Amino acid sequence: MKTATSEVTAVKRLPFSFCSMQSAQQLVKVFVTRRIPQDGMKILRQAGMCNLSVWDSDEPVPRAELLKGVTGAHGLVCLLSDRIDTEVLDAAGPNLKVISTMSVGFDHLAMDEIKKRGIRVGYTPDVLTDATAELTVALLLATARRLPEGVQEVKSGGWSTWKPLWLCGYGLSGSTVGVIGLGRIGLAIARRLMPFGVKKLLYTGRGAKPEAKEVEGEFVPLDTLVSESDFVVVSCSLTPDTQDLCDKAFFSKMKSSAVFINTSRGAVVNQEDLYEALSSGRIAAAGLDVTTPEPLPTNHPLLTLNNCVILPHIGSATYATRGTMAELTANNLLAGLTGVAMPTELKI
């Protein structure tokens, strides 16, 4: 029975001073859990030290194939959708020295167990900041100005004549925007929103940020942000403290005209409570690029609502960004295998 796994043996010299020509006996096994951009694969192939085993598909590797593919591997390249838990680590065995994830998030990794085993982890922060911020602004505008509804009306023949209140939405000019989590991406979102004429930028998080001065951001308690904002943008990391942060109590404090946007992690939002808030008119609209689970089942209640715009987790989906992510993932892996500093290593 054929599988999507392909074997590639690289025999070229690594383009780094610390690498030497490797013989076939010295090649280290690396399992790649998905077809990634060629920008990254080229680096791995040219390194001359990797016996690459690749799940050569755009679809996720089946669990059984993941456990089989990782067996005896020295390095693992994975994606956010791959659950790397104790079972996977056990299947890999003691050879596994480095995991390089093509993501900025790492909640798919069993970090406690990885730390216990002394495995190094590389990830891809910073490189997807701009792309994700752009997508967040696009999603906010599409949701607030009801663009998907407008497109559907044109296609279905619902566009008859000009009507004073037809498809009216909400504008950014003169508004208050609240950003939950003013980290790299949160700040990049704020920078892009301010030129639209935003009157006030509120933010909340672990503490005040000096860089918030750039966008005239005001640090406030969460309750203040939620109750005063016309647009609430979630851009925080997923932690035990932020899981289900946006629940019934959260939505009950929002303005009835407010728009909710989440491009962080799906688990930050209680989706049942969000559905209730949207369907009852408690809040005006919501735009999501992340859900729980992913993909969201086509029969999910949120997909029945016109005032909920859901995208398939495409925050970083530009050709340039995905290529850069793949390059960084490959370089992190090679650095981990050779025992030198990674370009971006997760400190655990």
Side-chain angles (χ1 to χ4, degrees), residues 14-19 28 30-34 36-47 49-50 52 73-84 88-89 92 96-115 117-136 181-189 205-206 209 211 235-239 263-265 290 313-348:
L14 260 169
F16 306 111
S17 60
F18 55 78
C19 296
V28 293
V30 172
F31 183 59
V32 183
T33 66
R34 195 83 59 88
I36 66 172
Q38 285 304 306
D39 311 66
M41 291 304 300
K42 182 179 179 180
I43 291 172
L44 293 177
R45 290 191 182 101
Q46 291 182 341
M49 62 183 296
C50 302
L52 294 172
H74 297 79
L76 173 64
V77 172
C78 66
L79 277 63
L80 188 65
S81 53
D82 301 316
R83 181 165 51 89
I84 309 303
V88 173
L89 299 175
L96 188 62
K97 298 293 185 269
V98 57
I99 297 171
S100 187
T101 180
M102 191 174 134
S103 65
V104 64
F106 47 88
D107 46 280
H108 58 302
L109 306 177
M111 297 306 300
D112 289 343
E113 191 64 29
I114 289 170
K115 180 178 181 179
R117 300 178 188 222
I119 299 169
R120 296 174 67 187
V121 177
Y123 70 135
T124 59
D126 300 329
V127 296
L128 47 70
T129 298
D130 288 338
T132 303
E134 291 170 1
L135 186 282
T136 303
L182 201 72
R184 289 184 297 265
I185 294 175
L187 184 60
I189 293 167
R206 294 189 185 94
K209 302 260 185 148
E211 54 269 32
S235 185
C236 60
S237 57
L238 178 61
T239 68
T263 55
S264 60
R265 287 289 179 268
V290 287
H313 202 156
I314 54 172
S316 65
T318 68
Y319 290 112
T321 299
R322 293 286 171 84
T324 303
M325 289 174 69
E327 290 178 352
L328 184 54
T329 300
N331 286 323
N332 278 336
L333 181 91
L334 295 177
L337 290 173
T338 52
V340 300
M342 292 184 188
T344 51
E345 182 168 0
L346 186 62
K347 302 303 179 184
I348 58 177

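Computed from a predicted structure; not experimentally measured.
Counting heavy atoms from C-beta outward, L182 and E211 have side chains that stay 4.5 Å or more apart. Counting only heavy atoms from C-beta outward, the side chains of C50 and L334 approach each other to under 4.5 Å. Contact check for F106 versus L346: side-chain heavy atoms found under the 4.5 Å cut-off. D39 places none of its side-chain heavy atoms less than 4.5 Å from the side chain of T324. The shortest side-chain heavy-atom distance between R83 and V88 does not fall under the 4.5 Å cut-off. Annotation: side chain of P37 is in contact with side chain of M102 (closest heavy-atom distance under 4.5 Å). The side-chain heavy atoms of V98 and M342, taken from C-beta on, include a pair separated by under 4.5 Å. The side-chain heavy atoms of K97 and V28, taken from C-beta on, include no pair separated by under 4.5 Å.
Proximity of a side-chain donor or acceptor of N332 to a complementary backbone N or O of T344 within less than 3.5 Å is detected. Side chain of T321 to main chain of L128: no donor-acceptor pair is present (N/O by atom type, distance under 3.5 Å, no hydrogens or angles). Under a 3.5 Å cut-off, the side chain of N331 and the backbone N or O of L328 do not form any donor-acceptor pair.
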(message) Set out, in order, the CA-CA distance, both residues' side-chain angles and the distance that settles side chain to side chain contact (heavy atoms under 4.5 Å, CB included) for S235 and T132, then state yes or no.
(response) CA-CA 10 Å; S235 185; T132 303; over 6 Å; no

(request) Give the C-alpha distance, both sets of side-chain angles, the deciding distance and a yes or no for side chain to side chain contact (heavy atoms under 4.5 Å, CB included) between H313 and L80. (result) CA-CA 11 Å; H313 202 156; L80 188 65; 3.7 Å; yes

(request) Starting from the C-alpha separation in whole Å, work towards a yes-or-no answer on side chain to side chain contact (heavy atoms under 4.5 Å, CB included) for D82 and R34. (result) CA-CA 9 Å; D82 301 316; R34 195 83 59 88; 4.0 Å; yes

(message) Does T101 form a side-chain hydrogen bond (donor to acceptor under 3.5 Å, both in side chains) with S103? I'd like the steps, not just the answer.
(response) CA-CA 5 Å; T101 180; S103 65; 2.8 Å; yes

(request) Walk me through it: do R117 and L96 pass the test side chain to side chain contact (heavy atoms under 4.5 Å, CB included)? (result) CA-CA 9 Å; R117 300 178 188 222; L96 188 62; over 6 Å; no

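More than 12 non-hydrogen atoms from other residues, nucleotides or ligands lie less than 6.0 angstrom from OH of Y123.
Remark: I99 CD1 to I114 CD1 distance equals 4.0 Å, nearest 0.5 Å. Within the model, atoms CG of L337 and NE2 of H74 stand 8.5 Å from one another, a figure rounded to the nearest 0.5 Å. Rounded to the nearest 0.5 angstrom, L44 CG and E327 CD are separated by 11.0 Å. Between M111 atom CE and I348 atom CD1 the span is 4.0 Å, to the nearest 0.5 Å. Expressed to the nearest 0.5 Å, how far CG of L89 lies from CD1 of I119 amounts to 5.0 Å.
The two residues T129 and A188 have their closest heavy-atom pair at CG2-CB, 3.7 Å. Between I84 and C78, the shortest heavy-atom distance links the atoms CG1-SG, 4.0 Å.
The list of salt bridge (charged side-chain N to carboxylate O under 4.0 Å, His left out) pairs with a residue in residues 332-346, not counting sequence neighbours, reads R120-E345. Screening residues 124-133 for salt bridge (charged side-chain N to carboxylate O under 4.0 Å, His left out) gives D126-R184, D130-R192 as the qualifying pairs, with residues at least two apart or on separate chains.
The closest side-chain donor-acceptor pair between S316 and R322 falls under 3.5 angstrom.
For S264, the side-chain hydrogen bond (donor to acceptor under 3.5 Å, both in side chains) partners two or more places apart in sequence, or in a different chain, are N262.
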